[in-house]
Amino acid sequence: MIDFHAHLDIYPSPEETVSEIIRRGMYVLSVTTTPSAWLGTYSLSRKYSRIKTALGLHPQIAHERISELSLFDTYINETDYVGEIGLDFSENHRTHKDVQIKAFNHILRVCENSGGKIMSIHSRRAAAEIIDTLKMYPNAGIPVLHWFSGSKSELLQAIDYGCWFSIGPAMIRSKRSLEMIEYMPKDRILTESDGPFAQVEGKSVMPWDVQKVITVLGSLWAMGSKEAEEQIYNNFRKIVSLKTSRI
Ligand code: MN
């Protein structure tokens, strides 16, 4: 199983979560919300090659942590993965739109200068802006839009640009999201938890809850869970192998 967007450092017991991931033989992209969290989060799983740690600056806190961009630059060559990054223009966060845009542009420029990264991107109420900005940095790497919630036309633009998508248990509970998933190319889909932030029925999603997503994808794709899991695994192998090449 693949969890391509988890906040391992935020779980109540990160070490136990890491042990369970290893016990289950999962592959996980451990994203961070601030550059200053990178080292500590990386050290949680550094001995396990199946868990990769991404360097991030979450758009919802970019205005508080903009001074950490220099730290972002310091660590960029330590990893092939960047996230969580992006823009959030939803009602509670659009006040800090300008500083988010500044941080996102800086990050994409740095990714481009360091040869391209796999990027896990938050695009709430800002998918069109995300795609327009990505186009300004064509060598920044491979964008994976996590928990996509934009419009159909934004989805088509994202697909056209070559974006990948990661889908979690919270997302498959929405009828609208399921309709969107049907339009996404099957060979550019990964699973994610977005735990512990993402919750289902009042409980934080765990990395292994991606199993539910695999089952739903299987029925959308008219195949069994085993086959859907294989598809996701092949997608994962592919994106990892593309790593630093142009999309
Ligand atoms: Mn997240």
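For the single chain, residues carry numbers from 1 onward in sequence order. When a ligand or atom number is given, it counts from 1 through the structure's own listing order.
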Colleague: Can you establish whether the number of heavy atoms outside K135 located under 6.0 Å from its atom NZ is more than 12?
Modeller: yes
Colleague: Mind checking whether the Mn ion (ligand 1) has an N, O or S of H7 under 2.8 Å?
Modeller: yes
Colleague: Decide, counting backbone as well as side-chain atoms, whether H5 has an N, O or S atom less than 2.8 Å from the Mn ion (ligand 1).
Modeller: yes
Colleague: Would E68 and R65 pass as an ion pair if we require N to O under 4.0 Å?
Modeller: yes
Colleague: Pick out which of H146, E192, H5 makes a side-chain hydrogen bond (donor to acceptor under 3.5 Å, both in side chains) with S166.
Modeller: E192
Colleague: Under the side-chain hydrogen bond (donor to acceptor under 3.5 Å, both in side chains) test against D88, which residue among R125, H93, H122 passes?
Modeller: H122
Colleague: Can you tell me the N, O or S atom of E84 that's nearest the Mn ion (ligand 1)?
Modeller: OE1
Colleague: Restricting to N, O or S atoms of D194, which is nearest to the Mn ion (ligand 1)?
Modeller: OD1
